[in-house]
Structure formats: structure tokens, C-alpha cells
Number of protein chains: 2
Amino acid sequence: MRIGELAEATGTTTKALRFYEEAGLLPSPDRTGTGYRDYPPEIISRLAFIRRSQSAGLTLAQIRGILQIRDGGQAPCEHVQELLRARLSDLDRQIAELKELRGTVAQLQADATTLEPARCDPASVCRYL
Amino acid sequence: MRIGELAEATGTTTKALRFYEEAGLLPSPDRTGTGYRDYPPEIISRLAFIRRSQSAGLTLAQIRGILQIRDGGQAPCEHVQELLRARLSDLDRQIAELKELRGTVAQLQADATTLEPARCDPASVCRYL
DNA sequence: CTTGACCTTCCCCTGCACTGGAAGGTCCAA
DNA sequence: TTGGACCTTCCAGTGCAGGGGAAGGTCAAG
């Protein structure tokens with residue numbers, strides 16, 4: 001199948017497909033006599049995997065790592081487990097950071113709506129921050 | 001004061017100070033006879049404001065907006081209130097998104113540690129994702 | 001035979017907040 | 001006078017995941 005068909009079948013763009021190839025996530029496909037990329041149907045499930053991985057918040061570099069293990073003939077199970085563990089603790093950290101920031105901003109915002117401007121000092125720009 | 005002193009006094013770098021000037025957050029300072037930037041001491045409180053704003057999660061573009069209002073002779077109170085409101089709801093949205101993602105990833109990770117590899121289909125790369 | 005949709009490679013652009021480094025000028029102490 | 005620490009400008013790159021668009025080749029229908 002041609003690149004446009006594949007893009008439509010997988011809900012992505014031809015730009016992204018060429019980019020994935022360049023980035024080592026997709027193998028270089030065969031070419032037709034006139035140089036058009038000619039993909040085998042199996043490539044669709046590979047792209048489905050890429051999309052599932054992305055929606056789990058993995059980066060393309062991490063996904064490439066998994067694919068390389070699989071392409072090397074191994075099962076990437078343990079590597080995937082490790083990535084998921086790391087991703088989870090990273091998410092916990094991010095959420096905690098954002099919650100703390102939310103607390104700070106909420107306080108600033110509360111002050112800003114209840115306190116009177118109270119003679120802002122122009123030199124310090126704004127007393128609400 | 002020279003740029004290096006100012007950088008040290010405010011805990012930033014000379015690179016960042018020149019960048020802020022270029023980005024319109026700092027006014028162009030006077031120059032010495034040989035072209036060195038020569039900052040007045042008041043600039044320190046402006047930089048303190050920039051740092052406070054950054055730690056509240058505002059972007060440099062937003063901070064520039066506030067500074068421009070102040071430099072135009074107005075008090076930026078209302079604008080700041082609006083920015084904080086927007087920032088707060090944006091944080092709430094981000095936190096909700098991350099929590100949802102966390103739920104997904106936690107489920108994937110739980111499956112990955114409890115389920116046996118169970119004949120992964122190499123064509124779909126990894127059954128855990 | 002031409003039109004329009006598709007394909008190719010190529011390079012630059014996006015947002016964010018800087019950082020690194022090169023090439024050259026200046027200041028101060030030994 | 002020399003050396004090192006400072007300063008200047010300018011250009012390029014970082015990470016992330018592509019997007020935009022130019023210049024040109026190809027395919028099928030009318």
C-alpha cells in the first residue's frame with residue numbers, strides 16, 4: 001500500500017510516517033519501480049503499537065527502544081515493564097509538582113481577588129505576585 | 001552594576017539577562033564608555049518580580065505583558081488576576097489529564113507484572129501496550 | 001494530452017527558555 | 001606588559017514530534 005493509504009488507514013499523516021521512518025521506528029519499505037514507498041499490510045499493527053505506546057505517554061525514543069528489541073528477535077516484556085514503572089513514578093512526581101504549584105497559584109489568585117490593590121509599589125511591578 | 005554582578009545578585013546568568021533584554025522583559029540599560037551594560041540597582045526588584053512570576057508558572061510572554069502594562073504607567077492588577085485565573089484552570093485541566101493517564105499507565109503496569117507473557121504476538125510487538 | 005491528485009526529496013519552522021561557543025575588546029593586578 | 005577575568009556581538013543548538021511548503025516526478029481518468 002502507498003503512504004497515503006497507510007496514513008489514512010492508521011489515522012496519521014504522510015509527514016509523520018516519513019518522520020517515523022527517519023527516526024527508526026518504521027523499517028524502510030520497498031519501493032515501486034518509480035520510487036513510491038510500498039508498505040506491506042502488517043505495518044498497520046506496528047503503527048497501532050506505536051499509537052498505543054504514545055497514548056501511554058511513552059516518547060518516540062522509548063518506543064523505538066521497544067521496537068528494536070522486538071526486531072532483534074527478543075520479547076521486550078521486561079523492558080516494557082521497566083518503562084511502565086518509570087513512567088508511573090514520573091507521572092506521580094509530575095502530578096505532585098503540579099498540585100503544589102496549584103496550591104501556590106490558588107493562594108495568589110485568592111489574595112488577588114480579595115486584597116485591595118493597596119498601593120502597589122510600581123518598582124516591584126505587582127504585589128499579587 | 002555590571003551584568004555579571006547583576007547575574008550573581010539575582011541568581012541567574014549573564015546569558016539569561018541578555019536574553020530577557022532581547023525578549024523585552026528588561027529595558028536596554030545604559031552603557032559605559034566601552035560598551036559594557038551598566039544596570040541601576042532598581043533592576044534587581046524587576047528581576048525578582050520576573051522570578052516570582054516564573055515560579056507561579058507564567059511564561060515569559062505573559063510576564064512581558066504584565067511588565068508592559070506597568071511600564072505604560074498603569075497598574076497591571078486586573079490583567080494579573082485574569083492571568084492567575086487562567087493559569088489555575090489550566091493547572092486543573094493538566095492535573096486531571098495526568099491523573100487519567102496515570103490510571104491508564106497503572107493498569108498497564110499492573111497487567112504487565114501479573115499477566116504472563118502469554119505468547120506475545122511479535123507482529124503486534126508487545127501485548128502489554 | 002492535460003488535469004489533478006498523489007508521490008519524491010529537501011530544508012526550514014514551530015514553542016519554550018535559555019545555553020554553548022567563537023571571535024574579539026576591556027579592565028585590573030602583579 | 002602580560003595574563004586572566006570580565007565584557008561585547010553573533011550564530012547555532014537543545015528536546016519533542018512533527019508541520020509547511022517548494023520543486024519536481026508519476027499515475028489514472030477524461
Side-chain angles (χ1 to χ4, degrees), chain A residues 1-26 28-40 43 46-47 49-67 83 86-87 90-91 94 97-98 101, chain B residues 1-26 28-40 43 46-47 49-67 83 86-87 90-91 94 97-98 101:
Chain A
M1 69 197 319
R2 285 180 310 177
I3 195 169
E5 298 176 72
L6 179 58
E8 189 160 4
T10 57
T12 182
T13 64
T14 59
K15 282 284 189 186
L17 293 174
R18 293 193 197 95
F19 176 75
Y20 290 163
E21 182 180 334
E22 182 68 21
L25 286 102
L26 294 181
S28 298
D30 289 343
R31 300 294 181 123
T32 66
T34 53
Y36 285 17
R37 286 175 179 78
D38 187 19
Y39 292 96
I43 205 75
R46 191 180 179 99
L47 274 161
F49 170 76
I50 293 174
R51 293 185 61 104
R52 289 197 307 278
S53 303
Q54 278 193 302
S55 68
L58 299 187
T59 67
L60 293 188
Q62 292 171 325
I63 299 169
R64 181 179 53 222
I66 299 171
L67 289 167
L83 282 176
R87 186 78 190 103
D90 199 51
L91 279 172
Q94 278 187 59
E97 282 176 9
L98 283 184
L101 182 55
Chain B
M1 67 196 321
R2 286 179 311 178
I3 195 169
E5 298 175 74
L6 179 58
E8 189 158 6
T10 57
T12 182
T13 64
T14 59
K15 283 284 189 185
L17 292 174
R18 293 193 196 93
F19 175 76
Y20 290 163
E21 182 180 335
E22 181 68 20
L25 285 99
L26 295 180
S28 299
D30 289 342
R31 299 293 181 126
T32 67
T34 53
Y36 285 16
R37 286 174 178 80
D38 187 17
Y39 292 96
I43 205 76
R46 191 179 178 100
L47 274 161
F49 170 76
I50 292 174
R51 294 184 59 103
R52 289 198 307 278
S53 303
Q54 277 192 303
S55 68
L58 299 187
T59 67
L60 292 188
Q62 291 172 324
I63 300 169
R64 181 179 54 222
I66 300 171
L67 289 167
L83 282 176
R87 186 79 190 102
D90 199 50
L91 279 172
Q94 279 185 58
E97 283 177 7
L98 282 184
L101 181 55

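Each chain gets a letter, A, B and so on, in the order its sequence line appears, and its residues count up from 1.
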query: Under 4.0 angstrom, heavy atoms only, what part of the nucleic acid is A:Arg2 near: base, sugar-phosphate, or nothing?
result: sugar-phosphate
query: More 5' along DNA chain C: B:Thr12 or B:Thr34, using each one's nearest nucleotide?
result: B:Thr12
- request: Return no unless some side-chain N or O of B:Tyr20 is found under 4.0 Å from OP1 or OP2 of C:dA17.
  value: no
message: Below the 4.0 Å mark, does C:dC18 have OP1 or OP2 next to a side-chain nitrogen or oxygen of B:Gln54?
response: yes
- prompt: For A:Arg37 and C:dC7, is the shortest distance between a side-chain N/O and OP1 or OP2 below 4.0 Å?
  reply: no
- request: Round to the nearest Å and state the distance from A:Glu5 atom CD to C:dA5 atom P.
  value: 17 Å
- prompt: Does D:dT9 have OP1 or OP2 sitting under 4.0 Å from an N or O in the side chain of B:Arg31?
  reply: yes
- prompt: What is the nucleic acid contact for B:Arg18, judged by heavy atoms within less than 4.0 Å: base, sugar-phosphate only, or nothing?
  reply: base
statement: When A:Thr32 and A:Thr13 are each assigned the nearest nucleotide of DNA chain D, the 5'-most assignment goes to A:Thr13
For atom CZ of A:Phe19 and atom P of D:dG21, their distance in whole Å: 19 Å
query: Around atom CD of A:Glu97, are there more than 12 heavy atoms of other residues, nucleotides or ligands at under 6.0 Å?
result: yes
query: Just how far, in rounded Å, is P of C:dC16 from CG of B:Leu25?
result: 13 Å
Whole-Å distance separating the CG atom of B:Asp90 from the P atom of C:dC16: 12 Å
- prompt: For the side chain of A:Arg46 and the backbone of A:Leu26, is there at least one donor-acceptor N/O pair under 3.5 Å apart?
  reply: no
field: Of A:Gly4 and B:Gly33, the one whose closest DNA chain C nucleotide lies more 5'
entry: A:Gly4
query: How long is the line joining CD of A:Glu21 and C1' of C:dC7, in whole Å?
result: 13 Å
message: Could you tell me how far apart A:Arg64 (CZ) and D:dG15 (C1') are, to the nearest whole angstrom?
response: 13 Å
Polar side-chain atom of B:Asp38 near backbone of B:Met1 as donor-acceptor pair, under 3.5 Å: yes
field: Side chain proximity check, B:Asp90 to B:Gln94, heavy atoms < 4.5 angstrom
entry: yes
message: Quick check on DNA chain D: between A:Tyr36 and B:Lys15, whose nearest nucleotide comes earlier from the 5' end?
response: B:Lys15
message: Keeping B:Arg2 on the side-chain end and B:Tyr36 on the backbone end, is there a donor-acceptor pair under 3.5 Å?
response: no
task: Check the distance between D:dT8's C1' and B:Ile3's CD1 and give it to me in whole angstrom.
output: 10 Å
task: Quickly work out the B:Glu22 CD to D:dC11 C1' distance and round it to whole Å.
output: 13 Å
